[in-house]
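Single-structure report; data block below.
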Amino acid sequence: MVKKVVIIGGVAGGASCAARLRRLDENAEITIFEQGEYISYANCGLPYYVSGVIKEKKSLIVAPEHHMRERFKLDIRSSTEVTSIDRAGKKVFAKELKTGLEYALPYDKLVLSTGALPLRPPIPGIENQRILTVRTIDDVVHIRKIVEENNAKTVAVAGGGFIGLEMAENLAHAGCKVSLLEAAPQVMAPLDFEMAQLLHVELDSNGIDLYLDDPVSRFDSAENAVTAVLKSGTSITADFIILSLGVRPNSKLAQDAGLKLNPKGYIIVDEFMLTSDPDIYAVGDVVEIKDIVTGNKTAIALAGPANKQGRVAANNIAGRRDTYKGAQGTSVLKLFNLTAASTGANERTLKAQSIEYEKAYVTQGSNASYYPGAMPMTMKLLFSPDGERIFGAQIVGQNGVDKRIDILAQAIRLGATVQDLTDFECAYAPPYSSAKDPVNMLAYTAQNIIEGLFKFADWDFYKNDNLNRIILDVHEEVERAFPKIPGAVNVTLGKLRDHLHELDKTKEIVVLCRRGTRAYIAARLLKQHGFENVKSYPGGACLYYSSQYKSKH
């Protein structure tokens with residue numbers, strides 16, 4: 001058995017590796033170096049401390065240092081930086097940050113779990129002390145103090161990824177006026193644009209000033225404030241700014257040690273989480289892994305994969321042969337009243353890889369429509385034209401989103417087909433679902449597309465004027481409170497057969513209803529009455545209206 005194991009970095013990958021290794025080998029000497037003060041903390045929970053949803057700082061500490069020492073017999077050296085690795089001599093050099101003491105420690109096996117660092121691109125003025133990042137407990141303690149004690153009222157969040165969106169929400173809950181600045185045309189990059197539009201509407205409706213497709217060109221200092229100047233010339237002045245522009249791998253230690261890195265700086269590992277050195281493993285946000293959908297190499301900064309990688313490394317160090325198969329980036333986000341989730345590839349990824357695909361949409365209730373609390377979920381599935389592979393899925397809604405994305409994620413992981421997905425048996429009771437779960441309904445829709453029973457219109461078809469097109473709105477009369485669809489012919493589904501003679505069979509017909517089900521029924525009716533060019537609008541009016549959202553700024 002290996003006697004001396006040194007782990008550099010705690011949190012998800014390093015701490016899980018240490019705990020698993022101790023459960024497998026009671027006699028190993030396990031040392032963890034952590035540059036910060038806390039060996040295992042909930043970095044995904046940091047934004048919720050700012051708003052007070054998580055009230056106590058101690059609640060963010062997943063495993064206190066003394067518990068890890070006592071339960072797992074670990075030699076924990078927090079507030080200590082590993083400055084270099086001597087691969088030939090098999091030792092690391094460390095420096096205690098509080099005392100300045102420097103020393104060397106030998107190892108038989110070494111695990112790198114150094115994580116990722118917030119991006120600070122070379123934007124003029126970015127070193128302003130009012131421009132903050134969110135990575136550690138101390139970071140959010142400082143931000144909460146600024147809001148509560150220094151009475152900060154305005155904040156700009158630069159970046160619309162997971163941390164940026166969570167910080168925007170929680171700062172708003174803390175009483176701040178929030179501006180969200182995003183260089184791309186949309187927030188939440190894993191979603192396709194039309195799905196992200198649902199989030200844009202939610203942000204707007206909750207008072208967030210949203211600036212899209214307009215990168216920050218510089219930061220200017222102001223008296224007791226800081227100003228972000230966008231490429232368009234727009235200026236946003238705030239008490240402070242949260243920088244959330246993504247992360248870069250914290251791989252300098254590995255680079256200096258001569259380990260192989262990819263062009264973006266991520267440590268290259270094999271399926272055993274082993275680096276180019278046979279005695280050094282690497283796990284977490286610092287490593288390059290396999291994308292199980294495309295088969296390509298990628299990097300995914302999520303806690304779930306990091307924990308699993310730590311376990312795989314520990315198993316192999318302990319002499320058990322174990323492999324990490326890769327990840328698909330399954331993720332979920334709470335944003336005010338909405339939940340957004342995705343798994344696998346989106347359209348941009350599939351197009352970039354020249355992978356042919358089809359897509360299906362449904363808008364379904366989170367539970368049985370007759371039971372109180374049913375809320376709409378807009379769901380999207382990406383799959384191969386023959387239905388033999390599922391590439392990805394996205395869902396935006398209020399209730400039940402996490403349950404459905406988990407089902408779809410496992411379908412991808414286990415290689416299920418669209419046909420398999422129609423057969424999935426989901427738990428049913430009126431408070432939780434319908435007899436045909438929304439996952440089944442999404443699969444039925446995909447199956448109908450594969451079998452040629454109907455087609456979807458493009459979600460943005462309305463951008464192109466087409467005199468040879470009819471928009472057929474089959475909303476019921478009681479639903480006319482919705483804004484009218486410009487130029488649409490309004491015929492309820494129940495009366496459609498009586499009005500077929502009024503529709504031109506030579507024109508394209510796009511059918512739209514509130515959630516898409518009646519539009520599909522109408523499309524099938526029309527097809528069987530000789531209308532050849534009939535399409536349903538994807539996702540119904542929920543997606544139609546949100547897809548046309550335009551930021552005020």
Side-chain angles (χ1 to χ4, degrees), residues 44-45 47-48 160-170 186-203 206 291-293 298 300-308 327-350 359-367 373-383 390-414 416 421 424 426-427 432-433 437-443 445-446 459 515 538-539 542-543 546-547:
C44 297
Y48 301 98
F162 289 98
I163 296 297
L165 291 172
E166 289 169 350
M167 286 300 296
E169 176 186 1
N170 283 280
Q186 68 171 79
V187 301
M188 192 74 167
L191 297 183
D192 289 316
F193 180 80
E194 75 279 15
M195 300 294 284
Q197 285 280 64
L198 294 160
L199 302 189
H200 299 158
V201 173
E202 183 71 5
L203 287 163
N206 281 278
D291 182 328
I292 67 165
V293 175
T298 188
I300 296 175
L302 293 171
N307 274 282
K308 293 177 178 67
Q328 63 208 71
T330 304
S331 59
V332 64
L333 168 82
K334 176 192 175 298
L335 187 64
F336 294 103
N337 296 313
L338 286 185
T339 299
S342 66
T343 186
N346 57 23
E347 286 198 63
R348 292 188 301 279
T349 299
L350 295 174
K359 52 188 174 181
Y361 301 80
V362 296
T363 296
Q364 291 284 304
S366 54
N367 54 268
M375 303 301 295
M377 296 182 295
T378 299
M379 308 172 68
K380 180 177 182 179
L381 190 72
L382 300 168
F383 54 96
I390 300 170
F391 297 131
Q394 301 163 36
I395 311 176
V396 179
Q398 292 190 31
N399 305 328
V401 170
D402 54 340
K403 169 183 174 178
R404 275 66 184 212
I405 205 68
D406 284 344
I407 294 170
L408 293 164
Q410 301 329 304
I412 293 172
R413 168 70 62 166
L414 298 175
L421 203 56
F424 272 27
C426 303
Y432 303 107
S433 185
D437 190 85
V439 168
N440 301 129
M441 296 302 293
L442 185 60
T445 303
W459 66 265
R515 294 190 178 181
C542 295
L543 194 63
S546 65
S547 70

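- Residue K334 qualifies as enclosed at atom NZ: its count of foreign heavy atoms under 6.0 Å is above 12.
- If you run side-chain contact (heavy atoms from CB on, under 4.5 Å) between T339 and each of V332, N399, I395, only V332 comes through.
- Put simply, the side chain of E166 reaches to within 4.5 Å of the side chain of Y48, judged on heavy atoms.
- Contact record, P47 with I163: CG-CD1, 4.4 Å, taken as the closest heavy-atom pair.
- Using modelled atom types, no side-chain atom of H200 and backbone atom of Q186 make a donor-acceptor pair closer than 3.5 Å.
- The closest side-chain heavy-atom distance from L543 to T363 is not below 4.5 Å.
- Shortest non-hydrogen contact noted between L381 and A446 is CD2-CB, 4.0 Å.
- The two residues A411 and I390 make their nearest non-hydrogen contact at CB-CD1, 4.3 Å.
- In this structure, CG on L442 lies 10.0 Å from CG on D437, to the nearest 0.5 angstrom.
- Rounded to the nearest 0.5 angstrom, Q410 CD and F424 CZ are separated by 9.0 Å.
- Residues forming a side-chain contact (heavy atoms from CB on, under 4.5 Å) with D402 (at least two apart in sequence, or on another chain): none.
- Partners of A301 according to the side-chain contact (heavy atoms from CB on, under 4.5 Å) rule, which considers only residues two or more places apart in sequence or in another chain, are V247, D285.
- Counting only heavy atoms from C-beta outward, the side chains of L421 and L408 approach each other to under 4.5 Å.
- Counting heavy atoms from C-beta on, the side chains of V396 and V401 never come closer than 4.5 Å.
- Within the model, atoms CG of L333 and CG of L191 stand 8.5 Å from one another, a figure rounded to the nearest 0.5 Å.
- In this structure, the side-chain contact (heavy atoms from CB on, under 4.5 Å) partners of P438, at least two apart in sequence or on a different chain, are Q364, M377, M379, R404, S433.
- Summarising the geometry, atom CZ belonging to R515 is positioned 9.0 Å from atom OG1 belonging to T378; distances are rounded to the nearest 0.5 Å.
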- Taking it one step at a time, do E347 and K380 satisfy side chain to side chain contact (heavy atoms under 4.5 Å, CB included)? CA-CA 11 Å; E347 286 198 63; K380 180 177 182 179; 2.6 Å; yes
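- Side chains of E202 and N206: a donor on one and an acceptor on the other come within 3.5 Å.
- Between E194 and K359 there is no salt bridge, since no side-chain N of the basic residue sits under 4.0 Å from a carboxylate O of the acidic one.
- Judged purely by distance below 3.5 Å, without hydrogens or angles, the side chains of Q328 and T343 pair a donor atom with an acceptor atom.
- Looking only at side-chain heavy atoms (C-beta outward), T445 and Y361 stay at 4.5 Å or farther from each other.
- Counting all heavy atoms, side chain and backbone alike, C542 lies closest to S546 at O-OG, 3.1 Å.
- Y432 OH: 12 or fewer foreign heavy atoms inside a 6.0 Å radius.
- Residues I300 and A327 approach most closely at CD1-CB, 3.7 Å, considering heavy atoms.
- Smallest separation of non-hydrogen atoms from V293 and A345: CG1-CB, 4.0 Å.
- Taking CZ of F391 as the start and CG of N346 as the end, the distance is 13.0 Å to the nearest 0.5 Å.
- Counting heavy atoms from C-beta on, the side chains of D192 and L382 come closer than 4.5 Å.
- Residues L165 and L203 are in side-chain contact: their nearest non-hydrogen atoms beyond the backbone lie under 4.5 Å apart.
- The structure places SG of C426 at 4.0 Å from CD1 of I407, a figure rounded to the nearest 0.5 Å.
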